[in-house]
Amino acid sequence: MKKLTRFLSNLFLNETFIMTIVILNGIVIFLQCYYTSQDISFQRLAHLDSFFTVLFVFEAFVKIKSLTFKEYWSDKWNKWDFVITAITALSLIQYVFPNQFTETIGVISAIRTLRVLKLIRLMRFIPNLSSVVNSLKLAVRTSWVIIFAFLIIIFIISIVTCTIFRNIAPEYFANPFDSMYNTFRIFTVEGWYEIPNAITGGESSTVVMTLVRLYFSLILFFGGIIGMGLITSILVDAMAADNNDEVLRQIKSLKKELEKLNEKLDGKEKNDE
């Protein structure tokens, strides 16, 4: 019995084994989307998903017992795992009370949709993920002014566009929110010519229609090509600068070590003389 307990504990502390479980659980969740809740295949897959939930509960128990709860909770990934496991484990009550509290069980079963969040656990196995996340945080922190200014520009253009084309193209600019959404679509080169063509009816003979096309072309050029390109370049430069700073720190540290080594060598030469 002790050997079995020790074997299971070591097994659930093995990251490769846990990653395999997460991947298999992801496949089960993926396959469930092909069926409705009334299908037998869906119900079988749901039982299998519940089995994986039990495994995740057991994993949390093993880790807490091995590390102590304080040490376990100090890790951010463990916090995420524990919260998602605790929420999804509520769906297991349907196996304890299959014929009672029908309405409550229905609500709890709906929580099962959160099981897809378990797949985020796969990110913990990505090499150097923390370094990438820290670089992204630094990039956003150093360029938030540009991003904020860009959002203000989107807001202003959306209001102007809504005011001008609200009655002409209500399907795109009926209100400021729809106008903001479709303005951002144009910034991402999505629908940048379908929208003006829908407004002009595909004709381009009048001066007004030409101005409409010119207006949306300018939005695309300054917002999509220049604006989005500028933000992208700033974010990339900030992330690269973070890596460069690390390299510079290593170079400075290496220079100090070389200086110390040279001082020792000079001291030995003087003693030999």
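Basis for what follows: all heavy atoms, side chains included, without hydrogens, waters or symmetry-related copies.
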Counting only heavy atoms not in Lys79, do more than 12 sit closer than 6.0 Å to its NZ atom? yes

Between Tyr215 and Thr161, is there a side-chain donor-acceptor contact under 3.5 Å, judged purely by atom types and distance? yes

Inter-residue atom distance Ser50.OG - Leu45.CG, 0.5 Å rounding: 11.0 Å

Verify the cluster assignment for Val57 and Leu48: are they in a single hydrophobic cluster under the rule of side-chain heavy atoms below 4.5 Å apart? no

Evaluation steps, side chain to side chain contact (heavy atoms under 4.5 Å, CB included), between Tyr172 and Phe165: CA-CA 8 Å; Tyr172 296 113; Phe165 299 104; over 6 Å; no

Begin from the C-alpha positions of Ile40 and Tyr35 and carry the test side chain to side chain contact (heavy atoms under 4.5 Å, CB included) through to its verdict. CA-CA 9 Å; Ile40 296 177; Tyr35 306 98; over 6 Å; no

On a heavy-atom basis, which atom in Pro176 and which in Ser158 lie closest, and how many Å separate them? O-CB, 4.3 Å

Evaluate the side-chain proximity of Arg213 to Asn197: yes if any heavy-atom separation is below 4.5 Å, no if none is. yes

May I ask you to test the Phe52-Ile21 pair for a side-chain heavy-atom distance under 4.5 Å? yes

Are side-chain heavy atoms of Asp39 and Tyr34 found at a separation under 4.5 Å? no

In the structure I gave you, are the side-chain heavy atoms of Phe56 and Ile84 within less than 4.5 Å of one another anywhere? no

For Cys162 and Phe173, work out which heavy atoms get closest and say how close. SG-O, 3.6 Å

At what distance, to the nearest 0.5 angstrom, does OG1 of Thr20 lie from CD of Glu15? 11.0 Å

State, to 0.1 Å, how close Ile164 and Ile168 come at their nearest heavy-atom pair, and which atoms those are. O-CD1, 4.0 Å

Test Ile226 against Phe221 for side chain to side chain contact (heavy atoms under 4.5 Å, CB included), laying out the working first. CA-CA 6 Å; Ile226 295 181; Phe221 180 75; 3.4 Å; yes

Note: Ile159 and Thr163 closest approach over all heavy atoms is O-OG1, 2.8 Å

When rounded to the nearest 0.5 Å, the distance separating CD1 of Ile64 from CD of Glu71 is 12.0 Å

Does Trp73 reach the side chain of Phe82, with side-chain heavy atoms less than 4.5 Å apart? yes

Hydrophobic cluster identity match, Val160 and Tyr181, side-chain contacts under 4.5 Å: no

Not counting sequence neighbours, which residues clear side-chain hydrogen bond (donor to acceptor under 3.5 Å, both in side chains) with Arg166? List them please. none

May I ask you to check whether over 12 heavy atoms, not counting those of Phe184, lie within 6.0 Å of atom CZ? no

Crowding at CZ, Phe30 (>12 non-hydrogen neighbours, <6.0 Å): no

Residues which pass ring-ring contact (aromatic ring centres under 6.0 Å, His included) with Phe51, listed by chain and number, not counting sequence neighbours: none

Backbone N or O of Lys63 within a donor-acceptor pair of the Ser66 side chain at under 3.5 Å? no

Is Asn182 close to Arg185 at the side-chain level, that is, under 4.5 Å between some pair of heavy atoms? yes

Would you say CZ of Phe69 has more than 12 non-hydrogen atoms from neighbouring residues, nucleotides or ligands within 6.0 angstrom? yes

To the closest 0.5 Å, what do you measure between OG1 (Thr183) and CG (Asp178)? 10.5 Å

Mind checking what makes side-chain hydrogen bond (donor to acceptor under 3.5 Å, both in side chains) contact with Asn10, not counting sequence neighbours? none

Approximate separation, where rounding is to 0.5 Å, of Leu211 CG and Leu218 CG: 10.0 Å

Hey, is CZ on Phe58 packed in by over 12 heavy atoms from elsewhere, all under 6.0 Å? yes

Going from CG on Leu214 to CD1 on Ile219, what distance comes out if it is rounded to the nearest 0.5 angstrom? 10.0 Å

